[in-house]
Protein chains: 2
Amino acid sequence: MGNDARKPTIIDVARESGVSIKTVSRVLNGEPYVNRATLDKVMKAIHDLGYHPNMSARTLAGKRSYLLGHLYGDPAGPYTMEIQVGLLNRCRARGYHLLIEEIDYRGQDVERRVRAVLDWLRPDGVVLTAPITDEPRVLSVLTESGIPLVRVTAESGGDTFSSVWIDERQAAAALTRHLLSLGHRRIGLIKGPANHGATERRHLGYRDALAELGIAEDPDLIEHGAFTFPSALPCAERLLSLPEPPTAIFACNDEMAAAVIVVAQARGLSLPDDLSVAGFDDCPIASMTWPPLTTVRQPMRKLGEEAADLLISRLMERPRGDATVPHRLVSHDLVVRASTAPPKAQNPARRRTRKAG
Amino acid sequence: MGNDARKPTIIDVARESGVSIKTVSRVLNGEPYVNRATLDKVMKAIHDLGYHPNMSARTLAGKRSYLLGHLYGDPAGPYTMEIQVGLLNRCRARGYHLLIEEIDYRGQDVERRVRAVLDWLRPDGVVLTAPITDEPRVLSVLTESGIPLVRVTAESGGDTFSSVWIDERQAAAALTRHLLSLGHRRIGLIKGPANHGATERRHLGYRDALAELGIAEDPDLIEHGAFTFPSALPCAERLLSLPEPPTAIFACNDEMAAAVIVVAQARGLSLPDDLSVAGFDDCPIASMTWPPLTTVRQPMRKLGEEAADLLISRLMERPRGDATVPHRLVSHDLVVRASTAPPKAQNPARRRTRKAG
DNA sequence: CTGAAAGCGCTTACAG
DNA sequence: CTGAAAGCGCTTACAG
């Protein structure tokens with residue numbers, strides 16, 4: 001209330017600048033072939049009037065909504081949320097807006113949920129983040145609808161879907177090499193869930209690095225977590241209870257690495273002397289543990305920014321029939337912090353009992 | 001490509017069910033005075049055709065966008081993101097959608113940014129979460145525009161803005177009482193930033209509890225953080241370096257409490273024997289530290305759900321001129337975990353040096 | 001380089 | 001309880 005002042009429309013701008021609404025529309029959409037003087041007049045009118053185009057009218061008349069949909073299966077996870085910040089950054093810069101939708105990929109009606117989002121919101125494009133980048137039901141609905149989509153951190157190759165990714169295999173190998181170079185030879189691995197693409201990629205990197213030194217993988221040292229903190233607790237317990245426990249543990253994400261630290265501390269181990277721990281992602285938690293975690297930094301905001309850029313650029317070029325499926329590789333960093341060090345005792349896990357020194 | 005099948009419109013539904021589009025519209029909007037048999041026919045046609053109303057057309061013709069805007073100043077923070085999950089839950093259930101926008105409240109052009117969101121997106125309502133619930137520039141633009149808004153976790157009272165809140169003062173008092181009941185008498189407090197409403201409210205609760213036992217607040221025990229992990233590091237250092245250090249520290253959120261734990265561990269203190277630590281919020285981090293944190297659980301998803309419900313209900317009742325400004329109080333819980341225990345040594349911080357036992 | 005007309009798919013008054 | 005008409009603010013062909 002108070003401001004009955006009707007918001008200015010394209011008609012007001014046209015009148016103010018003495019041209020047709022079609023010409024204003026041309027300026028709004030950055031179309032070529034607008035006389036320089038005309039353009040200036042229109043720009044001035046837009047500015048003077050404080051005009052903003054009405055999104056709904058644009059969407060209804062044109063064929064685009066200027067909306068990107070972010071579909072994710074991991075509500076409030078730090079990894080997903082950081083990517084979202086990146087998406088938001090680029091949407092803002094390029095005149096798009098972000099609609100978010102959580103998809104419970106373990107639920108019964110995944111297809112219906114995804115379809116509903118498309119039908120109701122009609123976003124121009126969709127960004128998929130792990131762990132639903134590889135969910136067949138989600139992908140099938142999306143493919144069938146023909147909507148442009150980009151997947152963040154999924155399998156690189158493939159000529160079906162566009163993606164933004166980091167080389168997780170190589171990153172995992174680099175991290176494992178770091179551990180090996182410190183002198184560790186028994187390195188525990190806590191994997192993610194089997195249905196998650198990253199799980200296999202990181203495992204392969206671990207195996208690559210071991211193979212370089214001619215070390216065979218010991219199945220006893222491989223545990224399956226679920227990329228969550230609680231899931232890694234029993235994994236860590238089992239690893240540290242082995243007759244010959246590992247001197248280092250590589251958890252495939254930071255939350256699981258934090259769990260390893262907690263278990264180790266509860267057992268009275270002194271870190272990193274008795275046990276080296278490494279994670280993956282460089283989420284905020286990686287800097288909040290004691291000792292802070294050695295990990296692989298995934299530039300999550302950047303992944304989001306690249307994804308939005310890729311998608312929006314694709315939407316801007318008219319011929320949406322072209323068969324190019326672009327991929328973007330983003331670089332990662334090995335971040336060495338205090339949670340990794342050379343192994344000290346031969347049999348650290350045995351040396352101590354449950355009581356802290 | 002592939003599906004040229006034009007999406008069904010209200011006209012198709014009208015034809016299919018043999019009524020006018022106006023009647024279909026009535027059904028869509030749940031208006032009263034629709035004959036039962038007519039309603040059934042229309043519902044069947046909607047279902048058979050797989051019809052979904054076009055949001056843009058609705059927005060353009062009607063005066064509502066069915067969009068809620070979530071404005072926040074704390075990108076990717078776990079507290080904010082959990083609230084967002086709650087908002088999303090209720091939006092989904094009630095036919096609304098959520099647009100998200102980060103507002104850099106320390107930036108120069110806050111007003112312009114907020115105004116742009118309103119002008120471009122024209123959401124029906126706005127949800128504001130801390131720390132921008134009390135930002136005067138944001139509030140002034142919003143007030144001036146007359147858009148319905150609800151603030152999550154802001155000052156309870158006031159007849160200007162609607163809010164959803166927990167009694168932080170009482171919660172902080174309960175937590176402090178817990179510490180006192182364990183026998184602690186010197187309790188450090190790490191506050192939030194001065195411009196954040198929660199800062200003062202939690203401090204008052206701390207003071208209330210001390211006063212009940214006739215204990216005067218010791219200014220040396222009060223530190224100012226910024227609700228972030230790094231900000232609390234020097235605060236903890238100072239507190240633990242006092243000639244007579246506290247036996248317990250209450251950090252006003254979990255991230256800062258995690259920082260206290262890290263500092264204490266780096267100094268070789270054994271927790272909770274040498275030092276009790278408590279946080280606030282019960283974010284995921286609270287369960288990922290060692291020892292896990294005693295804290296106050298804010299039901300963040302619930303806060304978000306209540307906020308969305310409050311707002312949507314308000315939007316549904318036509319007469320938007322009514323002067324009621326509803327408030328909703330959500331209850332909190334004291335969560336006692338292993339980070340708090342009775343004080344052990346008289347002077348624990350002195351007893352040890354930097355080396356862990 | 002610019003414009004007049006039609007139409008996107010709904011809802012709003014207004015009738016009946 | 002139901003409907004015919006107008007209009008929301010843009011963009012799309014189509015002309016010139």
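Worth saying up front: this structure is predicted, and the values here are computed from it rather than measured. What you see below is based on every heavy atom in this structure, not just the backbone, and it leaves out hydrogens, waters and symmetry mates. Here is the naming used below: chain letters follow the sequence lines, and residue numbers restart at 1 for every chain.
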Legend entry - Test: B/Arg115 and B/Glu144 ion pair at under 4.0 Å: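 Result for this pair is yes, salt bridge flagged.
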Legend entry - A/Arg328 with A/Glu306: basic N within carboxylate O range, under 4.0 Å: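 Here A/Arg328 pairs with A/Glu306 in a salt bridge, since their nearest N and O are under 4.0 Å apart.
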Given atom [atom1] of [X] and atom [atom2] of [N], what is their separation to the nearest angstrom?
| X | N | atom1 | atom2 | result |
| --- | --- | --- | --- | --- |
| A/Asp12 | D/dG9 | CG | C1' | 11 Å |
| B/Glu31 | C/dC10 | CD | P | 15 Å |
| A/Arg36 | C/dC1 | CZ | P | 12 Å |
| A/Ile11 | C/dA4 | CD1 | P | 12 Å |
| B/Tyr66 | C/dC10 | OH | P | 12 Å |
| A/Arg15 | D/dG9 | CZ | P | 12 Å |
| B/Tyr33 | D/dG3 | OH | P | 18 Å |

Legend entry - Nucleotide nearest B/Ile10 when distance is taken to its side chain, options D/dT2, C/dC1, C/dC10: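 Closest nucleotide to the B/Ile10 side chain: C/dC10.
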Inset, instruction - Starting at the 5' end of DNA chain C, write a dot or bracket for each base, bracketing those in Watson-Crick or G-U wobble pairs whose two distances are under 3.5 Å and using | for partners on another strand. - result: |||.||||||||.|||
Legend entry - Separation between the P atoms of D/dT11 and C/dG3, rounded to whole Å: 15 Å
Legend entry - Between C/dC10 and D/dA4 - C1' atom distance, rounded Å: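 So the two C1' atoms sit 15 Å from each other.
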Inset, instruction - Would you please name every residue forming a side-chain hydrogen bond (donor to acceptor under 3.5 Å, both in side chains) with A/Glu16, sequence neighbours left out? - result: none
Legend entry - Contacting residues from residues 41-61 of chain B, given that a heavy atom lies under 4.0 angstrom of DNA chain D: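 By residue number: B/Leu60, B/Ala61.
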Legend entry - A/Thr38 side chain near C/dT2 phosphate (N/O to OP1/OP2, under 4.0 Å):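 Yes, A/Thr38 has a side-chain N/O under 4.0 Å of OP1/OP2 on C/dT2.
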Inset, instruction - May I ask you to list the residues of residues 16-25 of chain B, by number, that have any heavy atom positioned under 4.0 Å from an atom of DNA chain C? - result: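 Within residues 16-25 of chain B, the residues near DNA chain C are B/Ile21, B/Lys22, B/Ser25.
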Legend entry - Sequence neighbours excluded - ring pair (Phe, Tyr, Trp, His ring centres under 6.0 Å) pairs with any residue from residues 19-57 of chain A: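 For residues 19-57 of chain A: A/His52-B/Trp120.
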Please list every donor-acceptor pair under 3.5 Å in which a side-chain atom of residues 95-111 of chain A meets a protein atom from a residue at least two apart or in another chain.
unit_1	atom_1	unit_2	atom_2	d
A/Tyr96	OH	A/Arg64	NH2	3.4
A/Asp104	OD1	A/Arg106	N	3.2
A/Asp109	OD2	A/Arg112	NH2	2.7

